[in-house]
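Quick caveat: nothing in here was measured; it's all calculated off a predicted structure. We count ligands from 1, going down the list as the structure has it; atoms in each ligand are counted the same way.
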Amino acid sequence: MAQLQATPVRTLSLSGRRRGGGAATRPQRSMVAFRCSASARGYNITLLPGDGIGPEVVAVAKDALSVAGSKEGFELRFQEMLMGGAALDAVGVPLPDETLAAARKSDAILLGAIGGYKWDNNEKHLKPETGLLSIRAGLGVFANLRPATVLPQLVDASTLKKEVAEGVDIMVVRELTGGIYFGKPRGFGTNDKGEEIGFNTELYAVSEIDRIARVAFEVARKRGGKLCSVDKANVLEASMLWRKRVSAIASEYPDVELSHMYVDNAAMQLVRNPKQFDTIVTNNIFGDILSDEASMITGSIGMLPSASVGESGPGLFEPIHGSAPDIAGQDKANPLATILSAAMLLKYGLGLESAAKRIELGTYILLARHWLDASEWERKS
Ligand code: IPM
Ligand code: MG
């Protein structure tokens, strides 16, 4: 963060809550932590609207942030930068150097969405998605928090039966800068029969597993105290190491109940009985898939925010949905996931919990109103 060197500083745990007296009895292992200048009442936010519905939803979230700031007495300074297809069209690369540099210098980054049909057939290095992966790697944001919470007002929107969906409150902690997304060797080639092949490598080092495991244990400790690690340790070596290290790190967190589950079973259990899960920790690709699945339990992927954070430096906050080019520019996009991402930015990125609460409460009130209006309408019709 820009204020990293500023003093005095306060250190925030990943959950956004300061370690208090309650934690004193627990092992005080350090973990990923944010350091924000306590005296700073102004923050620099990089906005990356991106493509499709991205600019629409980011504009709404920006307003929500400004209102929260003015109510809480701090100033947010916004700088909009190019990213994804918008950057490809303007300057020919999906992540311009200036964008990464500005993002690194800021206190937090809010991203809308990237991608669209127009760039789908581009070469890999010219795909909007490559820009997204590069900014995640460039910022070192290895821990991606994706909450899937079923709101009472929206339980009927879930595709699952009410009794299965109600009360679901899951946090998926996805490893974001390793695994098959980044592992080498990768590429295209030819096999010994002369056939064209494509290949990737699922690869994790101990340090990568240990740091994401610690984040997940910290998150679980502040939630329901249960952590389920999802892997494919019956087949994949990278998963065998994953399971071994997560089990080893568990000894630092005796207050958290750890379980392990194979990913195929986890995918099934998420729709069979999602309430059994509290916090899930998993690798990059399983996290990508399971977080989309978990989002649908809540009724809509359009509702789910995410926070990506690293050991130091600014966090990246983005809705988990895509750029929805089919509805872009029609004022139909649901901005809630981005608004809730803005709340996560305040809470996890800047440590401004009460400001985050304002946005969360505002969102829930909005939803409650919407729901009341809908039931009113149903009664009339
Ligand atoms: C996500 C997205 C990205 C991912 C894509 C757009 C590269 O699906 O954030 O979940 O696979 O990580
Ligand atoms: Mg995804």
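Nearest N/O/S atom of Asp288 with respect to the Mg ion (ligand 2) is recorded as OD1.
Using a cut-off of 4.0 Å between Lys/Arg side-chain N and Asp/Glu carboxylate O, Lys118 and Asp51 are scored as not salt-bridged.
Of all protein heavy atoms, the one closest to atom 4 (C) of ligand 1 is Tyr181 OH, 3.5 Å. Taking atom 1 (C) of ligand 1 as the reference point, the nearest protein heavy-atom neighbour is Arg146 NH2, 3.4 Å.
Arg174 places a side-chain N or O within donor-acceptor distance of the main-chain N or O of Asn284, the cut-off being under 3.5 Å.
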Go through Ser247 and His260 one step at a time and tell me if the side-chain hydrogen bond (donor to acceptor under 3.5 Å, both in side chains) criterion holds.
CA-CA 9 Å; Ser247 302; His260 300 276; 3.1 Å; yes
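His321 does not count as a contact of ligand 1, since none of its heavy atoms falls under 4.0 Å from the ligand. Residue contact annotation: Arg174 has a non-hydrogen atom under 4.0 Å from ligand 1.
Note: Leu304 CG to Thr338 OG1 = 11.0 Å, rounded to the nearest 0.5 Å. Distance check: Arg104 CZ to Ile135 CD1 gives 9.0 Å after rounding to the nearest 0.5 Å.
For atom 10 (O) of ligand 1, the choice among Asp288, Ile285, Ile320 with the nearest heavy atom turns out to be Asp288. In the candidate list Glu318, Glu129, Arg136, Arg136 is nearest to atom 9 (O) of ligand 1, counting heavy atoms.
The only option from Arg221, Lys226, Arg223 that meets the salt bridge (Lys or Arg N to Asp or Glu O under 4.0 Å) definition with Asp278 turns out to be Arg223.
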